[in-house]
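Residue indices begin at 1 and follow the sequence shown. Here the structure is a predicted model, which is why all the values come from computation and not from measurement. Both backbone and side-chain heavy atoms feed into the values below; hydrogens, waters and symmetry mates do not.
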Amino acid sequence: MLLRNATLAGTDTDGPHGLIERGAIAIEGDRIAWAGPEAALPAQLARRDTIDLEGRLVTPGLVDCHTHIVHGGNRAQEFEMRLEGASYEEIARAGGGIVSTVAATRASTEDQLLADALPRVDALIAEGVTTLEVKSGYGLDLETELAMLRAARRIAEVRPVRLRTSFLGAHAVPGDYAGRPDAYIDQVCLPALNAAHDQGLADAVDGFCEGIAFDTAQIARVFERARHLGLPVKLHAEQLSNTGGTRLAADFGALSVDHLEHATDADAAAMAGAGCVAVILPGAFYTLRETRSPQIAAFRAHGVPMAVATDCNPGSSPLSSILLAMNMAATLFRMTPDECLAGVTRHAARALGLDDAGVLRAGARADLAIWNVDHPAELSYRIGFNPLWKRIFGGAL
Ligand code: DI6
Ligand code: FE
């Protein structure tokens, strides 16, 4: 297949958006064979099924690199409580929050978890998402953590999307272990991680390092096990307070550190030194009406790559729109449209350890989004408008 008469963004070319006007992309099987200015197209690639895109924008298929899209139930009632003045942390401490979703998730079958997730997945796919990360973390017992990961894997069997899983056993302390987080780590989290790894269900290991969740010593024990198993790590850190998670994650060479509202300049420097991606999650900031923004300027200054994701979850970020996440990153955090696009393509792929996604380059997977827009800045600019024309997944329209 040959796509011609296209505007390309997200290529290897230097300059904002990696933009190439009047570009072409040749696809062979599930890979990009060639991408560049149409005038430079090698002659032998010109003779194939050609689609004239009439100037439409082509970007890499979008990558949502941080979701909790598999979960039971919803937390609309907690939303109402917050509107009446309760804080997210107060609700969590009163037995609501994450642990209430744990109860709903444990009460769901694996089939139900999958069926509940699919409409949210479909909303992301409709916006050009071709790669999706899904975390466990609402089971908090061995059986349900594994069921969540199996449901996550099955998404890719029933929908055209590439899927990466993260084991998030260290997400919250369940009720039966209240006040005994170390016992929970030893008796549930580490055995569940071993089982998830044995069954090929975990591509990475995540944790929630926070006052209402786990401290750095507890997360370090989970990361030690991940290292032993050969799994990469990532971490929710400095979302509601600074507890040192970023430096711990950097010490373990984490793929990414996520949230980061309370991260400092020194944290950004540590991330730069370790090559970690900063995953910016404006949906949670917006939903919780946080007032302290992540220090985008510090990440920029230290050259930390920034990704943007939905954090789709039933509590702090009931967001199933990657385009809205881009708009929020721009409007709330002053990220540029160029940074927002890189945040949902190249840098998001890197946050998942993928080097063949998120870029229009020969050899990368042919996962593309084709848009009815003239310029990539329009993707971050409009609110509640989906200009996707078509999506190509693994070389298939
Ligand atoms: N941080 C988040 O934003 C989500 N998990 C986490 O560790 C929130 C999950 C929830 O409220 O259900
Ligand atoms: Fe999260």
Can you find a side-chain donor-acceptor pair between [X] and [Y] that sits under 3.5 Å?
| X | Y | result |
| --- | --- | --- |
| N372 | R56 | yes |
| R82 | S87 | no |
| Q295 | D265 | no |
| E133 | T165 | no |
| T13 | T11 | yes |
| S293 | E261 | no |
| T144 | D141 | yes |
| S256 | D258 | yes |

Subject >> Non-neighbouring partners of E238 that pass salt bridge (charged side-chain N to carboxylate O under 4.0 Å, His left out), sequence neighbours left out >> reply: none

**OP:** Using ring-ring contact (aromatic ring centres under 6.0 Å, His included) as the criterion, list what pairs up with Y88, not counting sequence neighbours.
**Re:** none

Which heavy atom of [X] sits nearest a heavy atom of [Y], and at what distance?
| X | Y | result |
| --- | --- | --- |
| A202 | L231 | O-CD2, 3.4 Å |
| A362 | A33 | CB-O, 3.5 Å |
| V279 | A309 | CG1-CB, 4.1 Å |

Do the side chain of [X] and the main chain of [Y] share a donor and acceptor less than 3.5 angstrom apart?
| X | Y | value |
| --- | --- | --- |
| R391 | P160 | yes |
| D182 | Q218 | no |
| D49 | M1 | no |
| S100 | G97 | yes |

**OP:** Spell out, yes or no, whether W389 and L341 are grouped together once hydrophobic residues are joined by side-chain heavy atoms under 4.5 Å, including indirect joins.
**Re:** no

Subject >> Single-linkage hydrophobic cluster I98~I185, side-chain heavy atoms < 4.5 angstrom >> reply: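 Looking at the clustering, I185 is in the same group as I98.
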
[atom1]/[X] to [atom2]/[Y] distance, rounded to the nearest 0.5 angstrom?
| X | Y | atom1 | atom2 | answer |
| --- | --- | --- | --- | --- |
| L368 | L57 | CG | CG | 11.0 Å |
| K135 | H71 | NZ | NE2 | 14.5 Å |
| D338 | S380 | CG | OG | 9.5 Å |
| F333 | Y286 | CZ | OH | 13.0 Å |

Got a salt bridge between [X] and [Y], using NZ or NE/NH1/NH2 to carboxylate O under 4.0 Å?
| X | Y | answer |
| --- | --- | --- |
| D355 | R350 | no |
| D367 | R31 | no |
| R221 | D186 | yes |
| K234 | D206 | no |

Should we count [atom1] of [X] as having more than 12 external heavy atoms under 6.0 Å?
| X | atom1 | answer |
| --- | --- | --- |
| H375 | NE2 | yes |
| E224 | CD | yes |
| Q77 | CD | no |
| R22 | CZ | no |

So do the side chains of [X] and [Y] get within less than 4.5 Å of each other, counting heavy atoms only?
| X | Y | value |
| --- | --- | --- |
| F252 | L235 | no |
| L319 | D311 | no |
| L2 | I25 | no |

Original post:
Taking only residues two or more places apart in sequence, or in another chain, which ones meet E290 in a side chain to side chain donor-acceptor pair (under 3.5 Å)?
Top reply: none

Residues 167-181, side-chain donor-acceptor partners within the protein, below 3.5 Å, at least two apart:
from, atom 1, to, atom 2, distance (Å)
H171, ND1, G137, O, 2.9
Y177, OH, Q187, OE1, 3.0
R180, NH2, D176, O, 2.9

**OP:** For the pair H66 and H236, name the ring-plane relationship: parallel under 30°, tilted 30 to 60°, perpendicular over 60°.
**Re:** perpendicular

Pair up each side-chain donor or acceptor in residues 191-198 with any protein partner under 3.5 Å, not counting sequence neighbours, and list the distances.
from, atom 1, to, atom 2, distance (Å)
N194, OD1, R225, NH1, 3.2
H197, NE2, L229, O, 3.3

**OP:** Could you give me the CA-CA distance, side-chain angles and deciding distance for T67 and D64, then say whether side chain to side chain donor-acceptor pair (under 3.5 Å) is met?
**Re:** CA-CA 7 Å; T67 88; D64 193 349; 5.7 Å; no

Subject >> Where at least one partner belongs to residues 123-132, residue pairs that pass side chain to side chain donor-acceptor pair (under 3.5 Å), sequence neighbours excluded >> reply: E127-S321

Subject >> Full working for side chain to side chain donor-acceptor pair (under 3.5 Å) between E210 and T243 >> reply: CA-CA 6 Å; E210 189 57 63; T243 66; 5.6 Å; no

